[in-house]
Amino acid sequence: MSDFDSVIQGRFVGEDGIVERGFAAVRDGKIALLGSGQAPAAKDVHDFGNAIVLPGVIDGQVHSRSQKDQEDFVWSTRSAAAGGVTTIVDMPYDAGLLISTGDMIREKARSAGEQARVDFALYGTINPAHGPIHIAEMAEAGAASFKFSTFNTDSTRFPRIPTPLLHAAFTEVAKTGLIAGVHNENDECVQVWSEAIKATGRTDYRTHGESRPAIAETLAIAEVYEIAQATGASAHIVHCSVGRGYDLSEAYRAQGVDATIEACIHYLVCSEEEDVSRLLGRAKCNPPIRSAAEREKLWKHLAAGHITIVSTDHVSWGIERKSSPVMLENASGMPGLEVLPSLLLDGLTDRNLSLTHAAKLLASNPARLFRIADQKGGFGLGLDADFAVFTERPRYYDPTASGHNVVGWSPYEGRLIRHAPVATFLRGEMVFDGTNVLAQPGNGRFVKPNRVASAKVSAAA
């Protein structure tokens, strides 16, 4: 008789190092034993040889319900499982519904739980008309974090939170011990410069970046961190496309502010001149994808430990929302759940950087950031037995080939991607076998933070 339900063997890559011929033994969905060399007996043994075994990936920025009757959790979590992502953190800006009360958090957790194939956590936000009065109840209902925006994307679905109200919201979030995440673009700058671009009559790919230049981003970042300093809140920039933003984060952190910052994978992989120029609306996102030179600044910050987490900002708009010849008319955002870890592993390998960065940026730091490190994010006894296994299997990416994506387009289509997921495990159960997603809707669980046990995270944690 074996003491363990299963054993996973391979090249274990954690944030603190790499264990060749490592193993994890699983009991009741938790990691029960870790080691190297000869593994113990178990009911099921999964020996992946020299393949990379990462902790299950946590994507900290997903929009499952931005477009009504489009993706939803049944598809976003299918793409996640196929990419090695075992937990998604979903944004509060659902089509027709701003997730801004405790009851809304509970209802979304219920409905998402019926669909989800992997685990999920939830952001909450505020309705500007109500102010911050529901923040405490959302935390009580299980929100893992709060999201605000300094830019008015949509007055109903994705509203701007004016500076005085942002200060009030941060004050309340600080009491919960959770993070205040912010979309970082200065509203006045973007509105004025967008109108100026439109007045020229130009429609080309450069117009998007010119309407939202780097200064619009860094002004908003400075505002966010200043409010954090004044209120004692943990402030998180949910996407930064320019090196200067990471400089600011480091400077505020040196002053004692709990200032964290996130890089989306498209900022590390794509550039305006190489990719936006050919993809046009399919590569439109906010903030915009910048130059190749700016992209390399981000990699330097990554190598230095200045990036807290890497995410997708995943949203699967229908292709009709991304195909206008007028660049500024396209919806902003792109899918990426199926390839997030693969793209980061490729980038690290290309730059001779340690693969331990992947474990930190995709698992350990996200778990700390969202206050779920007592449950997920690493190789530790008693943690959920979540694993993502990768090997080198070069292919030109085709988003329609797997059948795991609700849309048939991707900004990464046609790109040579070397690393491929060969298995994904959630709480010890295989949910992806390298070809098929095995998990059914309803398999995923709502992950609530432990606000008492969890500590604040710095980028260099």
Side-chain angles (χ1 to χ4, degrees), residues 60-66 89-112 120-188 190-191 220-239 257-260 262 286 311 313 315 332-333 369-371 446 448-449 451:
Q61 189 169 182
V62 175
H63 297 261
S64 297
R65 293 178 170 174
S66 287
V89 187
D90 207 72
M91 287 292 162
Y93 304 116
D94 297 354
L97 194 65
L98 190 64
I99 307 301
S100 53
T101 70
D103 284 344
M104 287 179 175
I105 291 286
R106 282 185 281 269
E107 172 55 26
K108 183 170 181 178
R110 184 201 63 76
S111 61
F120 63 95
L122 298 176
Y123 264 93
T125 188
I126 64 171
N127 186 323
H130 302 155
I133 62 172
H134 297 297
I135 284 175
E137 68 183 56
M138 284 187 280
E140 187 65 27
S145 41
F146 294 92
K147 173 77 176 288
F148 312 104
S149 181
T150 56
F151 174 74
N152 195 63
T153 299
D154 182 286
S155 296
T156 301
R157 187 183 71 85
F158 204 147
R160 173 181 178 246
I161 306 301
T163 302
L165 182 52
L166 195 62
H167 184 282
F170 271 44
T171 299
E172 293 305 308
V173 172
K175 298 174 185 177
T176 71
L178 301 173
I179 62 167
V182 184
H183 178 112
N184 47 299
E185 292 180 294
N186 181 281
D187 188 78
E188 183 179 14
V190 174
Q191 299 291 358
I221 291 172
E223 176 181 313
V224 169
Y225 287 152
E226 279 296 302
I227 295 174
Q229 192 282 327
T231 61
S234 298
H236 180 64
I237 299 301
V238 301
H239 35 40
V257 178
D258 188 33
T260 53
E262 184 170 338
N286 297 331
S311 69
D313 200 3
V315 56
S332 294
L369 185 70
F370 296 107
R371 316 313 195 224
F446 178 38
K448 298 181 181 181
R451 292 186 283 137

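As the structure is a computational prediction, the values presented were derived from the model and not from experiment. The first residue of the sequence shown is numbered 1, and numbering continues consecutively from there.
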Glu107 atom CD, neighbour heavy-atom count above 12 within 6.0 Å: yes
Val190 backbone acceptor or donor facing Glu185 side chain under 3.5 Å: no
Interatomic distance, Thr150 atom OG1 to Asp187 atom CG [nearest 0.5 angstrom]: 7.5 Å
Non-hydrogen atoms of Lys448 and Gly142 that approach each other most closely: CG-CA, 4.0 Å
Donor-acceptor contact below 3.5 Å, side chain Asn286 vs main chain Ser332: no
Check: Lys108 and Asp90 side chains under 4.5 Å, non-hydrogen atoms: yes
Residues Thr101 and His134: side-chain donor-acceptor under 3.5 angstrom: no
Arg65 side chain near Ser111 side chain, heavy-atom distance below 4.5 Å: yes
Value rounded to 0.5 Å, distance of OG1 in Thr125 from CG in Leu98: 5.5 Å
His183 and Phe158 aromatic ring geometry - parallel, tilted or perpendicular at 30°/60° bounds: perpendicular
Euclidean distance, Arg106 CZ relative to Asp103 CG, rounded to 0.5 Å: 5.0 Å
Between NE2 on residue His167 and OG1 on residue Thr171, distance to nearest 0.5 Å: 4.5 Å
Which atom of Ala220 lies closest to which atom of Asn186, heavy atoms considered: CB-N, 3.8 Å
Short side-chain to backbone donor-acceptor contact, Tyr225 and Thr260, under 3.5 Å: yes
Mutual orientation of the aromatic rings belonging to Phe148 and Phe146 [parallel < 30°, tilted 30-60°, perpendicular > 60°]: parallel
Atom of Val238, atom of Gln61 and distance for their closest heavy-atom approach: O-NE2, 2.7 Å
Donor-acceptor pair, side chain of Arg157 and main chain of Tyr93, under 3.5 angstrom: yes
Spatial distance of atom CZ (Arg160) from atom CG (Leu165) [nearest 0.5 Å]: 10.0 Å
Between CD1 on residue Ile99 and CD1 on residue Ile126, distance to nearest 0.5 Å: 14.5 Å
Polar side-chain atom of Arg371 near backbone of Leu369 as donor-acceptor pair, under 3.5 Å: yes
Val182 versus Lys147, closest heavy-atom pair with distance: C-CE, 4.4 Å
Val89: partners by side-chain contact (heavy atoms from CB on, under 4.5 Å), with sequence neighbours left out: Ile58, Ala121, Tyr123, Ser145, Phe370
Asn127 and Ser100: side chain donor to acceptor below 3.5 Å: no
